[in-house]
S.K.: 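The structure follows.
A quick note: this is a predicted structure, and the numbers were derived from the prediction, not measured.
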Amino acid sequence: MLAIGGASGVGKSTFLHILGGLDRPTSGSVLFGDVDVFSLDANRLARFRNERVGFVFQFHHLLPEFSALENVMMPALIRRTGWNEAAGAASGILKEVGLGGRLHHRPGELSGGEQQRVAVARALMLKPDVVLADEPTGNLDMHTGEAVHDLLLSINEQKGTTFVIVTHNDKLAVRAHRVLRMTEGRLTQEK
């Protein structure tokens, strides 16, 4: 688990978006293993994002017209996984994040912390190589934020899922295995 801290506006979110293939760098390359992500055509890049990278954003980005279960199923449905298989996997992940009793609730019926746990479950749906989390606790009160961070740490330890987390919360960042600081667009090792 890697945490990246730094002041607002130094490029932390842009860095995550480039790592995940959402934004294209103005120069250089992004290697994922031995693959230059931005050498992929648009379809292959979309498949890469769907299958290899999970995303958790500060503002959840849940689809309001769908239930928690359906929101978590989306990455699998995009991959063309059958409905029953996707629903079974999504249900299992939602139970793991403590939302087994909230499967059929829409985002508007869930608390902020519950919505963020749905977003975490969605990011984990296809067992990605890495989950990129952009201020995953930034929109939550301190207690709920700590609970979400505890969930991420637990998933990291129990499943070996790699997380790269951008956060302003130094108290939470220090709990990661490694902390980097971004200053003026450059990453440095936290002392």
S.K.: Does this structure show an ion pair linking Arg175 with Asp150, if we count only N-O contacts that are shorter than 4.0 Å?
M.R.: yes
S.K.: Evaluate the side-chain proximity of Gln158 to Glu96: yes if any heavy-atom separation is below 4.5 Å, no if none is.
M.R.: no
S.K.: Kindly check if the number of other-residue, nucleotide or ligand heavy atoms within 6.0 Å of CZ (Arg186) is above 12?
M.R.: no
S.K.: Looking only at non-hydrogen atoms, find the nearest pair between Leu110 and Val118 and report the distance.
M.R.: CD1-CG2, 3.9 Å
S.K.: Are any non-hydrogen side-chain atoms of Ser67 and Leu103 less than 4.5 angstrom apart?
M.R.: no
S.K.: Could you walk me through whether Val35 and Phe48 pass the side chain to side chain contact (heavy atoms under 4.5 Å, CB included) check?
M.R.: CA-CA 10 Å; Val35 175; Phe48 163 80; over 6 Å; no
S.K.: With a 4.5 Å heavy-atom cut-off, do Asn156 and Thr161 have their side chains touching?
M.R.: no
S.K.: Rounded at 0.5 Å granularity, tell me how far CD in Glu51 sits from CZ in Arg79.
M.R.: 4.5 Å
S.K.: Under the ring-ring contact (aromatic ring centres under 6.0 Å, His included) rule, collect the residues that match up with Phe57, sequence neighbours excluded.
M.R.: Phe55, His61
S.K.: Which of these passes side-chain contact (heavy atoms from CB on, under 4.5 Å) with Lys12: Ile4, Thr167, Leu187?
M.R.: Ile4
S.K.: Indicate yes or no: at least one non-hydrogen side-chain atom of Ile155 is less than 4.5 angstrom from one of Val120.
M.R.: yes
S.K.: If you compare all heavy atoms of Gly21 against all heavy atoms of Phe38, which two are closest, and at what distance to 0.1 Å?
M.R.: CA-CZ, 3.7 Å
S.K.: Do other residues, nucleotides or ligands put more than 12 heavy atoms under 6.0 Å from the CD atom of Glu184?
M.R.: no
S.K.: State, yes or no, whether a side-chain contact exists between His104 and Leu69 at a heavy-atom distance under 4.5 Å.
M.R.: yes
S.K.: Please tell me if the side chains of Met1 and Glu157 come closer than 4.5 Å, counting only heavy atoms from C-beta onward.
M.R.: no
